[in-house]
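Notes for the one structure printed next.
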Amino acid sequence: MAQLAIDRSTVAGRGSLIQRLRLISGLVLMVFAIGHFANHILGNFSLEAMQAAQVWRVWLWENLPAQILLYGSLVIHVALTSWKFIQRRTFKLPAWEWAQIVLGAAIPYWLAVHIVATRMTERRLGIPVDYALELTLLWPGAAITQTALLFIVWAHGCIGIHFWLRLRPWYERWFTAFAAAAFAVPLLATTGWISAARQLRAAALAAPDAVSQPGEAPTPAEYMEVASFVIQEMTAPAIASQQAVIAFAIAVALALGLRQIVTRLHKRIRVDYGDGQLITTSPGNTLLEISRQAGIPHMSVCGGRARCSTCRTLILDGDDALTQPTEAETNLLSKLNADADIRLACQARARGNVSIRPLVQPQQQAVTIRAGDPLGWGVERKIAVLFLDIRGFSRISERSLPYDVVFILNSFFGEAATAVETHNGYVDKFMGDGMMALFGLDSSEVEASRDAIRAAIECDTATSRVSRILTQHLDEPIRIGVGVHVGDAVVGRIGRTSDQRQPSRLTAIGDSVNIASRLEQATKELGTSLVISEQTMAAAGITEAARFGDRSSITVRNISKPIDIVAIRDPAALEEALADQTPAGKAAKKKSAWAKRAAAGEKSSKPRAGKRGATRN
């Protein structure tokens with residue numbers, strides 16, 4: 001069986017050569033678009049600012065190497081994207097992939113007109129197209145199409161960049177800033193060019209007979225006259241360019257249709273998913289395409305580009321019926337130290353009968369008990385793990401009868417298990433005087449972290465309540481140590497699986513479990529009942545961790561990097577901070593802040609007695 005990697009930062013791949021070329025060419029085009037849109041944004045200030053920035057853009061892009069890079073990237077990107085579309089065996093794709101395909105297909109139709117109106121005008125008519133002339137050409141007749149093109153180009157590029165960068169560990173920290181820029185840039189660019197174009201048109205209508213002197217820039221009225229001439233001369237080439245785009249799209253569609261027909265004429269093959277699902281399909285499809293065709297959930301964070309390892313699949317039988325691993329697949333699986341029977345579903349194409357088992361289940365499917373029970377053979381999830389241990393229980397058991405020992409344990413663990421389950425947790429196991437619980441089996445990392453912390457605080461609170469009830473059985477109050485950590489783990493049924501009559505309970509294995517256990521042990525060293533990793537605090541949205549306890553670092557066996565932790569000294573304050581993270585808590589906090597501001601404003605508006613008046617009194 002393969003060694004499953006837990007650290008996601010080590011499983012991001014580069015993709016195949018064709019995928020890298022498509023990515024690089026797309027990035028070049030996006031850099032050009034960003035500069036173009038930034039130039040548009042300056043129109044919110046003045047046309048002169050747009051013209052000044054345009055000088056620098058011309059200097060950067062209007063040279064032979066840059067032109068080769070730009071137009072070469074455009075040709076490569078369109079060609080490779082069209083080829084990928086023709087190669088598709090299924091159209092059951094995630095919504096984001098469909099959005100990117102549809103937006104990308106719409107770009108050439110309107111971009112062709114834009115290129116004709118600028119580049120071809122300069123070469124065919126010998127008229128330099130500066131910003132003033134371009135804006136005059138666009139407003140108001142092409143305002144809607146130009147705005148649509150701007151938003152379509154931007155959305156297409158942002159989708160591609162998002163699903164490229166989402167695998168990088170630093171991207172999540174910067175996502176909010178990137179998202180804000182993604183919304184702001186097209187809006188500001190649109191208002192910028194429209195504002196400048198309207199000012200130009202207003203100036204032209206205000207002085208229709210104005211004529212520039214030799215050596216001066218053309219007047220707005222002259223720009224309108226030139227624009228009318230350009231539109232008259234270039235309308236036919238613009239229509240021809242759009243017809244060429246339509247013809248190209250029809251050719252791609254015909255090639256796709258022909259490929260689909262040829263594929264269906266091949267002898268059918270069988271793919272067995274090892275859980276009772278048997279699929280009959282055409283040979284040549286990737287395992288990921290087969291899953292999508294059959295509507296079987298199959299993880300693929302990168303969209304089948306060999307940039308992640310979430311589609312990895314265990315080949316149970318028929319590995320000789322699969323294509324040989326590509327360079328991209330080999331490089332990525334080597335990072336996982338995967339065995340030879342592990343393949344990437346997005347790269348492995350089935351040519352004959354094969355039996356497989358996806359190793360990473362989609363979020364919504366991870367805890368769904370269905371035929372074959374996927375958790376019976378394990379899935380990789382990001383979960384929060386809680387370890388709890390009753391301190392000094394050996395002394396309690398030495399002084400008590402066996403019945404009393406069991407009664408004390410059941411009394412406390414009954415409260416602890418209720419706390420776990422109340423906060424959406426799952427009790428993995430009881431280990432003598434200890435307990436292990438899992439959170440996030442069917443929720444996000446954020447929710448799992450918050451639930452685990454709440455459950456830990458409630459378990460700590462339960463000690464005093466149970467101690468009061470068991471006063472006659474105890475010489476000293478019950479004390480506990482709890483460790484909480486969130487991270488990646490493999491969740492499954494170890495021992496008896498769900499294909500047996502009495503399957504084992506779920507459990508988790510991996511570094512995250514070892515870290516949580518080590519944090520529980522650290523409670524003794526640090527003299528506290530609750531130790532939480534800073535990673536868990538951050539995931540729960542808790543900032544300024546030092547407010548709630550002492551920060552430090554500990555080492556964990558077989559883990560190279562120290563783990564940053566917080567020894568909680570003020571559980572009540574931590575619980576209050578967690579309450580502030582809920583929608584109701586945020587609303588109440590906002591309402592309280594407004595009330596304080598209003599009270600402060602009312603207080604400051606009252607007249608104050610002067611110093612003399614105070615002396616007289």
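In this text, all values refer to a predicted model and were calculated from it rather than measured experimentally. Numbers here are sequence positions counted from 1.
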Pairs under 3.5 angstrom only: tabulate donor-acceptor contacts from the side chains of residues 97-108 to other protein residues two or more places apart or in another chain.
unit_1: Glu97; atom_1: OE1; unit_2: Arg88; atom_2: NH2; d: 3.4
unit_1: Glu97; atom_1: OE2; unit_2: Arg292; atom_2: NH1; d: 3.4
unit_1: Glu97; atom_1: OE2; unit_2: Arg292; atom_2: NH2; d: 3.1
unit_1: Trp98; atom_1: NE1; unit_2: Phe91; atom_2: O; d: 3.0

Flag, side chain of [X] to backbone of [Y], donor-acceptor distance under 3.5 Å:
{"X": "Arg343", "Y": "Thr323", "result": "yes"}
{"X": "Ser309", "Y": "Arg312", "result": "no"}
{"X": "Gln67", "Y": "Trp61", "result": "yes"}
{"X": "Asp272", "Y": "Leu278", "result": "no"}
{"X": "Trp154", "Y": "Ala182", "result": "yes"}

To the nearest 0.5 Å, what is the distance between [atom1] on [X] and [atom2] on [Y]?
{"X": "Ile279", "Y": "Ile296", "atom1": "CD1", "atom2": "CD1", "value": "4.0 Å"}
{"X": "Ile127", "Y": "Asp130", "atom1": "CD1", "atom2": "CG", "value": "11.0 Å"}
{"X": "Ile76", "Y": "Thr81", "atom1": "CD1", "atom2": "OG1", "value": "11.0 Å"}
{"X": "Leu188", "Y": "Trp193", "atom1": "CG", "atom2": "CH2", "value": "15.0 Å"}
{"X": "Leu322", "Y": "Arg351", "atom1": "CG", "atom2": "CZ", "value": "9.5 Å"}
{"X": "Gln54", "Y": "His36", "atom1": "CD", "atom2": "NE2", "value": "7.5 Å"}

ask   = Are any non-hydrogen side-chain atoms of Thr280 and Ile269 less than 4.5 angstrom apart?
value =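 No, their side chains stay 4.5 Å or more apart.
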inquiry  = Counting C-beta onward and ignoring hydrogens, is there a side-chain heavy-atom pair between Ile383 and Val491 closer than 4.5 Å?
reply    =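 Sidechains of Val491 and Ile383: in contact.
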Other residues, nucleotides, ligands: >12 heavy atoms within 6.0 Å of [X] [atom1]:
{"X": "Trp56", "atom1": "CH2", "result": "no"}
{"X": "Arg124", "atom1": "CZ", "result": "no"}
{"X": "Glu327", "atom1": "CD", "result": "no"}
{"X": "Phe45", "atom1": "CZ", "result": "no"}

key: Trp96, Trp174, Tyr171 screened by ring pair (Phe, Tyr, Trp, His ring centres under 6.0 Å) with His162, the one that passes   =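 Answer after filtering Trp96, Trp174, Tyr171: Tyr171.
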key: Modelled atom types, side-chain donor and acceptor of Arg268 and Ser282, under 3.5 Å   =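 Side chains of Arg268 and Ser282: pair found under 3.5 Å.
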inquiry  = Is it the case that the side chains of Arg57 and Tyr131 hold a donor-acceptor pair, with the cut-off being a distance below 3.5 Å and no angle test?
reply    =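 Distance-only check fails for Tyr131 and Arg57.
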